[in-house]
Amino acid sequence: MPDNAQQFASDNYSGICPEAWAAMAEANQGHQRAYGDDEWTARAADHFRRLFETDCEVFFAFNGTAANSLALASLCQSYHSVICSETAHVETDECGAPEFFSNGSKLLLAETENGKLTPQAIREIALKRQDIHYPKPRVVTLTQATEVGTVYRPEEVRAISQVCKELNLNLHMDGARFSNACAFLGCSPAELTWKAGVDVLCFGGTKNGMAVGEAIVFFNKDLAEDFDYRCKQAGQLASKMRYLSAPWVGILQDDAWLKYANHANRCAQLLATLVEDVPGVSLMFPVEANGVFLQLSEPAIAALTARGWRFYTFIGAGGARFMCSWDTDEARVRQLAADIREVMSA
């Protein structure tokens, strides 16, 4: 299998979509002001305000770890805590960055079903202890879509938001695959965020056709105070900011972000459908975004790897994650499904 063959380990494996590439090329003409004081950054921010149907503060960072960590740090003090799912990216894959950038805010982990927090789980953790010896809960963070590929419905977000208001908690959304959640539900971005009570969203671009770049969108503008200083201190203020912001113009202006998310989701559904009748194969979680989590035999996993397939197996014995991307080729999905069928029957 060629080294550059399409793989399913991560949607980060994919390249740059044509719309983002073209916008970067256009932004590369002539000179522009530095550090975000350029026309492309202003245009991108305006596109977000139109997309979300509200006046919001928009900032850009290089990657999701920085976006999440800086956003959470802006919502709490060092003696506060953040309630998250036990499988949340901020807990499992960000190397302590949320704690580091908040100067020590503790992550409090909640057990989840299919990766999703519930109002009851949040209330139990928030009210577990209220003495001065315990970090005071201040933030709830949701991952949309979750780390296991499931999606919060608007009514679920609203119910969580109501608990947050009751307990004086801010609500943050890690939207590394927010586009895929919108595509699956057919909901507007506004319905899934501020209209449901979300204070801050980290909107992922890298996993949906961009080279780098995440947007931090503050719907509660009061919480954005001095956030530009946080970005600068953390090394996230790009001097040539237009190369972070221009790709957003490219994918937002004609809804390419949604088109590509729909495509990735459809490819995931296709893979699930093609292997659902294979003896010994079972879905570990509902397929609601662009990820397919399959229970396979260990020999089958080894055989697939030997055939050159790349995928992640961080989810327990026999568990395999297959991610589809904005550019996934349907023929490649069918080839993978055929190989899964073959190695499982061997």
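This structure is a prediction, so every number in the text was calculated from the model and none was measured.
- Ser14 and Asp11 are not linked by any side-chain donor-acceptor pair at a separation below 3.5 angstrom, with hydrogens and angles left out of the test.
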request  = Could you give me the CA-CA distance, side-chain angles and deciding distance for Asp55 and Arg49, then say whether salt bridge (Lys or Arg N to Asp or Glu O under 4.0 Å) is met?
outcome  = CA-CA 6 Å; Asp55 185 22; Arg49 294 179 187 114; 3.6 Å; yes
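- Looking at Lys232 and Tyr229, their side chains never come closer than 4.5 Å, going by heavy atoms from C-beta outward.
- Closest approach of Phe52 to Pro189, counting heavy atoms only: CE2-CB, 3.4 Å.
- Of the possible donor and acceptor atoms, none in the side chain of Thr328 sits under 3.5 Å from a partner among the backbone N and O of Cys324.
- No side-chain donor-acceptor contact under 3.5 Å links Ser105 and Glu99.
- Of the inter-residue distances, the one linking Lys136 atom NZ with Tyr79 atom OH reads 7.5 Å to the nearest 0.5 angstrom.
- The backbone N or O of Gln6 lies less than 3.5 Å from no partner atom in the side chain of Asn4, so there is not a single donor-acceptor pair.
- In terms of modelled atom types and a separation under 3.5 Å, the side chain of Ser85 and the main chain of Thr87 share a donor-acceptor contact.
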message = For a salt bridge (Lys or Arg N to Asp or Glu O under 4.0 Å) check, start with the C-alpha distance between Asp277 and Arg341, then their side-chain angles and the critical distance, and finish with the verdict.
response = CA-CA 9 Å; Asp277 65 334; Arg341 184 177 296 274; 2.7 Å; yes
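- Residues Thr150 and Thr146 have side chains that bring a donor and an acceptor to within less than 3.5 angstrom of each other.
- With Arg321 contributing its side chain and Ala9 its backbone, the two residues share a donor-acceptor pair below 3.5 Å.
- Of the inter-residue distances, the one linking Cys267 atom SG with Asp329 atom CG reads 8.0 Å to the nearest 0.5 angstrom.
- Aromatic ring orientation, Trp248 versus Phe60: tilted (interplanar angle from 30° to 60°).
- Using modelled atom types, one finds a donor on one side chain and an acceptor on the other under 3.5 Å when comparing Glu124 with Gln120.
- Look at Glu26 and Arg242 and you find no salt bridge, because none of the NZ, NE, NH1 or NH2 atoms lies under 4.0 Å from a carboxylate O.
- A donor-acceptor pair is defined here as one N or O able to donate and one able to accept, closer than 3.5 Å; no such pair exists between the side chain of Asn103 and the backbone of Ser78.
- Of all the heavy atoms in Phe59 and Asp228, the pair that sits closest is CE2-N, 3.9 Å.
- Shown here for Asn63 and Gln236, the closest heavy-atom pair between the two residues is N-OE1, 4.1 Å.
- Summarising the geometry of Ala110 relative to Leu117, their closest heavy-atom pair is CB-CD2, 3.4 Å, with the distance given to 0.1 Å.
- Within the model, atoms CD1 of Ile301 and CG of Leu294 stand 9.5 Å from one another, a figure rounded to the nearest 0.5 Å.
- Salt-bridge check for Glu39 with Arg33: failed, with every basic side-chain N at 4.0 Å or more from each acidic carboxylate O.
- Note: the hydrophobic cluster containing Val217 also contains Tyr152 (ILVMFWY, side chain heavy atoms under 4.5 Å, direct or indirect links).
- A side-chain donor-acceptor contact under 3.5 Å links Glu94 and Asn68.
- Residues Asn265 and Asn290 bring no donor and acceptor atom of their side chains to less than 3.5 Å of each other.
- Remark: the backbone N or O of Ala256 is not paired with any side-chain donor or acceptor of Asp254 at under 3.5 angstrom.
- Smallest separation of non-hydrogen atoms from Val198 and Phe219: O-CD1, 3.5 Å.
- Salt-bridge formation is detected for the pair Arg123/Glu166: a Lys NZ or Arg NE/NH1/NH2 atom is positioned less than 4.0 Å from an Asp or Glu carboxylate oxygen.
- Checked by atom type and distance alone, the side chain of Thr92 pairs as donor or acceptor with a backbone atom of Ala88 at under 3.5 Å.
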request  = Would you check, one step at a time, whether the test salt bridge (Lys or Arg N to Asp or Glu O under 4.0 Å) holds for Arg177 with Glu288?
outcome  = CA-CA 11 Å; Arg177 298 184 178 95; Glu288 297 182 343; over 6 Å; no
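- Partners of Asn28 by side chain to side chain contact (heavy atoms under 4.5 Å, CB included), not counting sequence neighbours, listed by chain and number: Tyr243.
- Between the Ser245 side chain and the Thr41 main chain, a donor and an acceptor come within less than 3.5 Å of each other.
- Using a 4.0 Å cut-off between a side-chain N of Lys or Arg and a carboxylate O of Asp or Glu, Glu342 and Arg307 qualify as a salt bridge.
- The one candidate from Phe293, Trp309, Phe311, Tyr13 that meets the ring pair (Phe, Tyr, Trp, His ring centres under 6.0 Å) condition with Phe322 is Phe311.
- Inter-residue side-chain proximity for Leu51 and Trp257 is flagged as met; some heavy-atom pair is nearer than 4.5 Å.
- Checking Gln335 against Arg332 by side-chain atom types alone, a donor-acceptor pair falls below 3.5 Å.
- Remark: the backbone N or O of Ala23 is not paired with any side-chain donor or acceptor of Trp40 at under 3.5 angstrom.
- With Glu225 contributing its side chain and Asp222 its backbone, the two residues share no donor-acceptor pair below 3.5 Å.
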request  = Output, in order, the C-alpha distance, side-chain angles, deciding distance and verdict of salt bridge (Lys or Arg N to Asp or Glu O under 4.0 Å) for Lys195 and Glu53.
outcome  = CA-CA 10 Å; Lys195 288 186 176 180; Glu53 309 166 48; 3.6 Å; yes
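- His80 NE2 to Ile83 CD1: the interatomic distance, rounded to the nearest 0.5 Å, is 12.0 Å.
- A salt bridge (charged side-chain N to carboxylate O under 4.0 Å, His left out) with Lys116 holds for exactly one of Glu147, Glu156, Glu111, Glu86; it is Glu156.
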